Number of protein chains: 2
Amino acid sequence: MDTPHKYLQNKGIAASSSFGEIKSLLAFAQPLFTLRKKTTLITDGEKFRGLYFVHSGLLKQSQLKKSSENEIITHFFFSGDLIGLDALCESHYCGSIVSIETCGLSLIKFHDIEDLPITKETHIKLLKILSKSMRTEHTRLWRTLSQSSDSRLAYFFITMSHKFSKQGYSSNSFRLPMSRQEIANYLCMASETVSRIVSRFENEGLLAANGHEYFILNPEGLADIAEKA
Amino acid sequence: MDTPHKYLQNKGIAASSSFGEIKSLLAFAQPLFTLRKKTTLITDGEKFRGLYFVHSGLLKQSQLKKSSENEIITHFFFSGDLIGLDALCESHYCGSIVSIETCGLSLIKFHDIEDLPITKETHIKLLKILSKSMRTEHTRLWRTLSQSSDSRLAYFFITMSHKFSKQGYSSNSFRLPMSRQEIANYLCMASETVSRIVSRFENEGLLAANGHEYFILNPEGLADIAEKA
DNA sequence: CGGTGCCTTGAACACAATCAAGTATGGTGG
DNA sequence: CCACCATACTTGATTGTGTTCAAGGCACCG
């Protein structure tokens, strides 16, 4: 299939990895460059030209919904993530990728994975990362599909918390550069719903939010909500 | 709404293929055996012992929801499908697999894909089937997530229609052995909703249903509903 | 100050789940 | 073959969650 004109056709597999896992790949990366906030890196259906490694910043991958200006955000790319893994086996990127804040990126340029003089081990590692990412994303979709809004949002905060924790930052106090609207689009709900639930979570003493700064006050409480419907 | 588990963790990637694609694998298949209807083939978490090829019949892969006897059906396996691809990279099956009607199956027995003396081409073909299945399933999840019940069900019938058509059967008249409840569980909705929508589709002249027999009367009309939100 | 964009909050609505009968259907034993 | 029961399906009424529509607040920036 060529271009995903049927807008739900190629969904953009969430594809992230840790720095350690792909350092052999990074040897082929071109120099770091800066992408200003709200700038398009990749437009939907563009020809594959390589993977991007995110050194810093945050980007979103999204699909436009037909018949509405609403977007579906299929993935956020944090620093340490690889962009474009979902296009590896295809010849085109899927979904547009836009920076949310200023980003530092480097391109690992190639048109076919065969072109890279990497070892078989790296190749396999890449496939495993891809496979794992697909599973992770699959799990996320199932959660989003079958849980209440409360659970989804609670799970979102827990996931973010884990993410920062794994990178050595505080797991209970972090900044999320994306807007409420973008969180909503990621979780398939209305931004008003996100607002309301965040307010409720605050009243219940689960977390505190100040603009884009979030403080998790009761991780166990959040986990409970994330696990129950 | 009730609760999915933490073992919504490994979701069972939908994994099907066409006969032609895997005939080299089938050389390793053990003799065909029969599984009576409503019989468990695989229980959740069981150790991987190989792939099953479905010669005839229909099976479902499902996860049990915590705190309710409701199941989430993650996949239907029709004749021609391979069961267990989602466990290939793991050591355990995920989700239980139960026959819906009497099935003819054969086991392609192995514990590790390396054990099979298959060619590299077959190996790659297998990976591609897996990758494609994951994508297909991913698309399905997105659709289920972001579309109305009407669209989901319309899309379901269209998918079934395509499936039968590809196998050389009529695309507009077919029998679906699964119950309304099972269709509902597959599409993440209540069985009453399935009933109501089928009735409505019948009133609108889109299809006719008689028990498990379905006749698609207006494919374009169904496609319209499937495509709009 | 007066924008503009983002967020919050309220009210009304809609869709689908749940609860509750009631109606076919199919299998079993007499 | 029929009577019976269990199960599946349909249909209606009610409820609840989350969306949509609408208005107001707050902060950042000229």
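These values consider heavy atoms only, across backbone and side chains, with no hydrogens, waters or symmetry-generated copies. Being a predicted model, the structure only gives us computed values, none of them experimental.
Candidate nucleotides C/dT8, C/dC7, D/dC9 were compared by shortest atom distance to the side chain of A/S199, and C/dT8 ranks first. Among the nucleotides C/dA17, D/dA8, D/dC9, the one closest to any side-chain atom of B/K38 is D/dA8. For A/S149, whose side chain is taken as the heavy atoms from C-beta onward, the closest listed nucleotide among C/dA16, D/dG18, C/dC7 is D/dG18. Closest to the side chain of B/A190, from the set D/dT10, C/dT18, C/dC7, is C/dT18.
Along DNA chain C, the nucleotide closest to B/K37 and the one closest to B/I197 are compared, and the more 5′ of them pairs with B/I197.
The phosphate of C/dT8 has neither OP1 nor OP2 within less than 4.0 Å of any side-chain N or O from A/R196. In this model, the phosphate group of D/dT19 is approached by a side-chain N or O of A/T193 to a distance below 4.0 Å at OP1 or OP2. The shortest distance between the side-chain N/O atoms of B/H212 and the OP1/OP2 oxygens of D/dA8 is not below 4.0 Å.
Within a 6.0 Å radius of NE2 in A/H162, other residues, nucleotides and ligands contribute 12 heavy atoms or fewer.
Between the base of D/dC21 and the side chain of A/E192 there is a donor-acceptor pair shorter than 3.5 Å.
Atom CD in B/Q181 sits about 20 Å away from atom P in D/dA6, given to the nearest Å. Computed from coordinates, the A/N210 CG to D/dA27 P distance equals 9 Å when rounded to whole Å. Nucleotide C/dT8 holds its C1' atom 16 Å from the CZ atom of A/F201, rounded to whole Å. In this structure, A/E101 places its CD atom 15 Å from P of C/dC6, rounding to the nearest Å. The interatomic distance linking A/L153 (CG) with C/dC7 (C1') rounds to 15 Å, in whole Å.
Between B/F48 and B/Y93, the ring-plane angle classifies as tilted under the 30° and 60° cut-offs.
Of the residues listed (A/L105, A/V98, A/I100), the one engaging A/L59 in a side-chain contact (heavy atoms from CB on, under 4.5 Å) is A/L105, and it is the only one.
At least one donor-acceptor pair under 3.5 Å links the side chain of B/T39 to the backbone N or O of B/R36.
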